[in-house]
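Order of listing sets the numbers, starting from 1, for every ligand and every atom in it. These figures come from a predicted structure and were not determined experimentally.
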Amino acid sequence: MSHKKLKVSAIKNGTVIDHIPANHLFKVISILGLDKISNQITFGTNLESHKLNHKAIIKVTDKYFEDNEINKIALIAPTAKLNIIKDYEVIEKKVVDIPDEVVGIVKCFNPKCITNKEDITTRFSVVSKEELALKCHYCEKITSEEHLTII
Ligand code: CTP
Ligand code: ZN
């Protein structure tokens, strides 16, 4: 281990979510519900990274996520890597995949959509993952990558 990795201590068991874009750290925390659990959590942000200028890392002790939970962060942290830690060793690495449905993370691009007028959770089906295109469950308009706004 190089010295920079010791900025946030190693954990014995749990999940390390690495390579999160720093500007989306707190969004990832809230999407995964980490603000509502009692597990030990440490995080670091604005760390140096070869791949990202400013990366963040979250370490959650004694917690292993389901793939469908982790995939919720794919739109805001597509570069994230999960490291499954058992007895201090990384036993598995996982990448995030864009899910087939996106609930409550993205704003509908259509200003007339009911989700932009009333307090309704947005819901989209993913019609394309390569060039991201999300079809609104309510107004059926497509929100594309260039118009993507995170709520
Ligand atoms: N880690 C940890 N606790 C452990 C083992 C690893 O917090 N007991 C963290 C490391 O600090 C690192 C991440 O888990 O941030 C992945 O560990 P490792 O695979 O050893 O690091 P890298 O090879 O640098 O991984 P990558 O190439 O994915 O950045
Ligand atoms: Zn809509």
Side-chain angles (χ1 to χ4, degrees), residues 1-26 28-29 32 34 37 39-65 67 69-128 131-151:
M1 274 200 190
S2 71
H3 66 282
K4 77 173 185 194
K5 294 187 177 173
L6 297 176
K7 280 181 182 164
V8 183
S9 300
I11 60 171
K12 185 173 183 200
N13 293 298
T15 303
V16 173
I17 311 168
D18 201 357
H19 305 291
I20 301 167
N23 59 335
H24 283 146
L25 169 65
F26 292 100
V28 170
I29 289 173
L32 294 178
L34 300 180
I37 60 173
N39 303 56
Q40 277 187 17
I41 300 171
T42 54
F43 65 80
T45 188
N46 295 324
L47 307 174
E48 295 145 44
S49 162
H50 298 300
K51 294 170 200 158
L52 301 171
N53 282 337
H54 295 283
K55 77 156 190 176
I57 190 166
I58 304 171
K59 304 189 180 191
V60 190
T61 296
D62 296 329
K63 172 102 183 143
Y64 304 98
F65 297 91
D67 285 350
E69 285 182 90
I70 221 60
N71 286 340
K72 290 182 192 169
I73 70 171
L75 294 181
I76 57 164
T79 51
K81 303 277 179 304
L82 272 81
N83 299 273
I84 314 305
I85 315 288
K86 296 238 166 103
D87 208 12
Y88 288 106
E89 297 291 326
V90 177
I91 61 152
E92 195 185 347
K93 283 182 182 276
K94 293 184 180 184
V95 295
V96 296
D97 270 333
I98 294 172
D100 296 329
E101 203 181 36
V102 173
V103 179
I105 296 166
V106 173
K107 187 174 150 58
C108 182
F109 167 62
N110 173 13
K112 292 185 178 150
C113 181
I114 190 162
T115 60
N116 286 316
K117 294 180 182 290
E118 292 177 26
D119 187 19
I120 294 173
T121 304
T122 62
R123 180 178 291 271
F124 302 87
S125 54
V126 178
V127 290
S128 167
E131 240 179 274
L132 191 67
L134 305 175
K135 186 178 181 189
C136 179
H137 171 78
Y138 295 96
C139 71
E140 302 195 322
K141 292 278 187 294
I142 303 282
T143 298
S144 62
E145 179 114 52
E146 59 172 328
H147 296 122
L148 197 74
T149 307
I150 303 299
I151 294 172

Q. Which word best sums up how the rings of Phe109 and His147 line up, parallel for under 30°, tilted for 30 to 60°, or perpendicular for over 60°?
A.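 Rings of Phe109 and His147: parallel, as their planes differ by under 30°.
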**Q.** Closest to atom 19 (O) of ligand 1 among Lys93, Lys81, Lys55 (heavy-atom distance)
**A.**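 Heavy atom nearest to atom 19 (O) of ligand 1 belongs to Lys93.
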Q.
Taking 4.0 Å as the limit for heavy-atom contacts, which would you say applies to Val8 with ligand 1: side chain only, backbone only, both, or neither?
A.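 None of Val8 does.
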Please check whether [X] reaches ligand 1 - meaning an N/O of the residue sits under 3.5 Å from an N/O of the ligand, judged on distance alone.
| X | value |
| --- | --- |
| Glu89 | no |
| His19 | yes |
| Ile11 | yes |

**Q.** Atoms of ligand 1 close to Ile57 [distance to a heavy atom under 4.0 angstrom, numbered from 1]
**A.**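 The list of qualifying atoms is 15 (O).
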**Q.** the Zn ion (ligand 2) reached by Cys139 (N, O or S, under 2.8 Å)
**A.**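 So Cys139 counts as coordinating the Zn ion (ligand 2), yes.
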Q) Where the Zn ion (ligand 2) is the centre, what is the SG-to-SG angle for Cys108 and Cys136, rounded to 10°? A)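 SG of Cys108, the Zn ion (ligand 2) and SG of Cys136 span an angle of about 110°.
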Donor-acceptor contact present, side-chain [X] to main-chain [Y], <3.5 Å:
| X | Y | result |
| --- | --- | --- |
| Asp18 | Lys81 | no |
| Tyr88 | Asn13 | no |
| Thr122 | Cys108 | no |
| Lys59 | Val8 | yes |
| Asn116 | Asn110 | yes |

